[in-house]
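Structure record follows, encoded as structure tokens.
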Amino acid sequence: MLNTRNLVLACAAMGLLALGLVGWQLTQRPLATPGSNSDSGLVTPAPARPALDPPTPGTTPAAPPAPAAATSAPAPKTANTPDATQAAPPPTSRNAATTSPAIRHRVAVKTSRPPILPNEVDSVVAKALGPKTLARYFYTEPLARRFVASVDKLGEKQPPTSQWLLRPARGELRLSPARKPQDGRVIAAANSQRYADFLRWFERTDNARLLSLYARMYPLLQQTYVELGHPEGYFNDRLIAVIDQMLATPLQKSALRVKPASPETLAAAARTPTTPRYEIADPALEALSTGQKMMLRIGPAQAARLKIKLKSLRAGLLRLGR
């Protein structure tokens with residue numbers, strides 16, 4: 001029989017062996033995570049997390065937000081440290097210089113008369129001005145586009161495009177006999193009669209009727225002006241500027257001389273309705289805008305009458321914004 005001492009030693013050895021076996025098993029198994037079942041059968045509660053929108057199919061779910069960093073104490077201000085409470089200067093925009101210019105002469109919208117729709121322009125204008133008049137003096141298809149393009153080109157040196165509105169004056173340019181061909185030929189005084197019929201019609205046409213048509217057509221005219229390459233422009237401002245330019249046409253005291261058109265002039269007029277045969281002999285006058293050269297060609301007497309009509313229409317255009 002084992003004595004009492006040996007029995008105690010044997011039990012102690014067996015206890016140490018059992019503790020070592022339990023420790024070895026624990027090191028071979030993962031620890032229980034929050035929200036998972038433990039060995040005891042209980043579920044460890046997981047900490048609450050903010051609800052996230054379900055990820056879009058085909059995309060990588062966004063990572064959870066990182067914990068906010070601890071707020072440190074504000075650094076002491078020195079003489080060279082800017083005050084964070086002061087407003088920072090606005091950033092410099094590269095488009096600042098290309099912003100649209102301010103509208104100078106706005107056309108007010110009148111609710112009493114509805115705007116003219118694109119498919120109504122020809123019939124409404126023909127009823128107001130007369131179909132025979134339109135066919136005699138104007139190209140009408142498309143009327144609104146031709147009007148906008150012609151006004152714009154009246155203010156430029158280049159000749160009118162294929163979208164020109166006015167038909168050429170009837171007959172041929174009348175020239176006086178040439179004394180010194182090298183100096184050009186003088187336009188005869190009788191040549192101004194080629195424009196007399198149109199000028200009489202224009203003078204007699206009631207301004208109120210013309211301005212009413214213009215105001216009702218203006219939404220379409222503005223849209224057309226943008227489509228023709230002026231996205232930041234305002235067509236009424238352009239029209240008034242062209243009228244001012246024509247009113248400022250210098251008075252030609254001596255007879256106007258012309259010479260055969262140069263190759264440059266012919267090349268620039270390749271897309272015009274008619275090919276010009278002559279150009280003004282004086283380079284300074286030839287450099288004027290299309291509208292100003294038109295004022296010179298019709299003669300001083302008729303140019304003075306046309307200026308009176310243009311001044312009255314200009315005053316009416318200014319009233320459209322009131």
Side-chain angles (χ1 to χ4, degrees), residues 129 132-141 143 146-147 149-205 242-243 245-310 313:
L129 303 181
K132 293 183 179 181
T133 298
L134 291 181
R136 183 175 182 178
Y137 299 124
F138 305 104
Y139 296 107
T140 58
E141 295 179 1
L143 183 58
R146 287 183 180 274
F147 176 72
S150 298
V151 168
D152 194 30
K153 286 299 182 181
L154 282 173
E156 298 180 1
K157 178 185 175 182
Q158 295 298 328
T161 66
S162 58
Q163 296 295 314
W164 192 240
L165 176 67
L166 295 173
R167 291 184 180 274
R170 295 182 178 183
E172 295 291 333
L173 180 65
R174 300 179 185 181
L175 302 176
S176 299
R179 296 182 179 180
K180 297 180 179 180
Q182 66 275 15
D183 296 334
R185 300 182 62 181
V186 175
I187 296 180
N191 184 72
S192 62
Q193 297 303 313
R194 299 173 59 214
Y195 314 100
D197 287 344
F198 175 79
L199 183 57
R200 280 194 295 266
W201 168 80
F202 192 41
E203 286 178 315
R204 295 173 181 174
T205 304
V242 170
I243 291 176
Q245 193 180 73
M246 295 177 69
L247 293 175
T249 303
L251 179 62
Q252 182 68 14
K253 297 180 180 180
S254 59
L256 190 64
R257 293 181 178 272
V258 295
K259 65 179 182 179
S262 64
E264 293 78 13
T265 299
L266 294 175
R271 297 181 59 192
T272 58
T274 58
T275 302
R277 297 173 56 191
Y278 300 93
E279 63 185 27
I280 301 177
D282 186 345
L285 298 180
E286 178 61 26
L288 295 176
S289 68
T290 301
Q292 290 178 311
K293 287 186 286 188
M294 180 185 298
M295 298 288 285
L296 295 176
R297 286 197 303 270
I298 65 177
Q302 295 195 121
R305 293 164 54 190
L306 181 56
K307 286 186 177 183
I308 294 175
K309 182 70 173 181
L310 291 176
L313 283 174

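One is the number of the first residue; the rest follow in order along the sequence.
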Working to the nearest 0.5 Å, report the span between CG of Leu134 and CZ of Arg167.
-> 10.0 Å
Enter the distance from Leu313:CG to Ile308:CD1 here, rounded to the nearest 0.5 Å.
-> 12.5 Å
Which of Glu279, Lys293, Gln252 passes side-chain contact (heavy atoms from CB on, under 4.5 Å) with Leu285? Answer is Gln252
Nearest-0.5 Å distance that lies between atom OG1 in Thr205 and atom NZ in Lys309 | 6.0 Å
Is there a donor-acceptor pair under 3.5 Å between the side chain of Thr290 and the backbone N or O of Gln158?
-> yes
Heavy-atom closest pair (Ser162 atom, Arg146 atom, distance to 0.1 Å) is O-NH1, 3.3 Å
Short question: side chain of Gln302, backbone of Ser192 - any donor-acceptor pair under 3.5 Å?
-> yes
Per ring-ring contact (aromatic ring centres under 6.0 Å, His included), Phe138 is matched among Phe147, Trp201, Phe202, Trp164 by Trp201
Can you name the nearest heavy-atom pair linking Met295 to Thr249, along with the distance?
-> CG-OG1, 3.7 Å
Find the distance between NZ (Lys157) and OG (Ser289) and round it off to the nearest 0.5 Å.
-> 11.0 Å
Counting only heavy atoms not in Arg170, do more than 12 sit closer than 6.0 Å to its CZ atom?
-> no
Could you check Tyr278 against Ile187 for side chain to side chain contact (heavy atoms under 4.5 Å, CB included), going step by step and ending with a plain yes or no?
-> CA-CA 11 Å; Tyr278 300 93; Ile187 296 180; over 6 Å; no
Would you indicate whether the side-chain heavy atoms of Leu173 and Arg194 approach each other to under 4.5 Å?
-> yes
How about Leu165 and Leu143: do any of their side-chain heavy atoms sit closer than 4.5 Å?
-> yes
Does the side chain of Leu306 reach to within under 4.5 Å of the side chain of Ile298, using non-hydrogen atoms?
-> yes
Cationic N near anionic O, under 4.0 Å, Arg136 to Asp197 = yes
Grab the two heavy atoms, one from Ser150 and one from Gln163, that are nearest each other, plus how far apart they are.
-> OG-O, 3.6 Å
Starting at CD of Glu286, measure out to CG of Leu288 and round the result to the nearest 0.5 Å.
-> 8.5 Å
For the residue pair Gln292 and Pro250, what are the closest heavy atoms and their distance?
-> NE2-CD, 4.5 Å
Is it true that Arg200 and Glu203 have a side-chain N and a carboxylate O under 4.0 angstrom from each other?
-> no
What are the two closest heavy atoms between Leu166 and Met294, and how far apart are they?
-> CD1-CE, 4.4 Å
If only atom types and distance count, is the side chain of Arg185 paired as donor or acceptor with the main-chain N or O of Ser176 below 3.5 Å?
-> yes
Which heavy atom of Lys259 sits nearest a heavy atom of Ile280, and at what distance?
-> CE-O, 4.4 Å
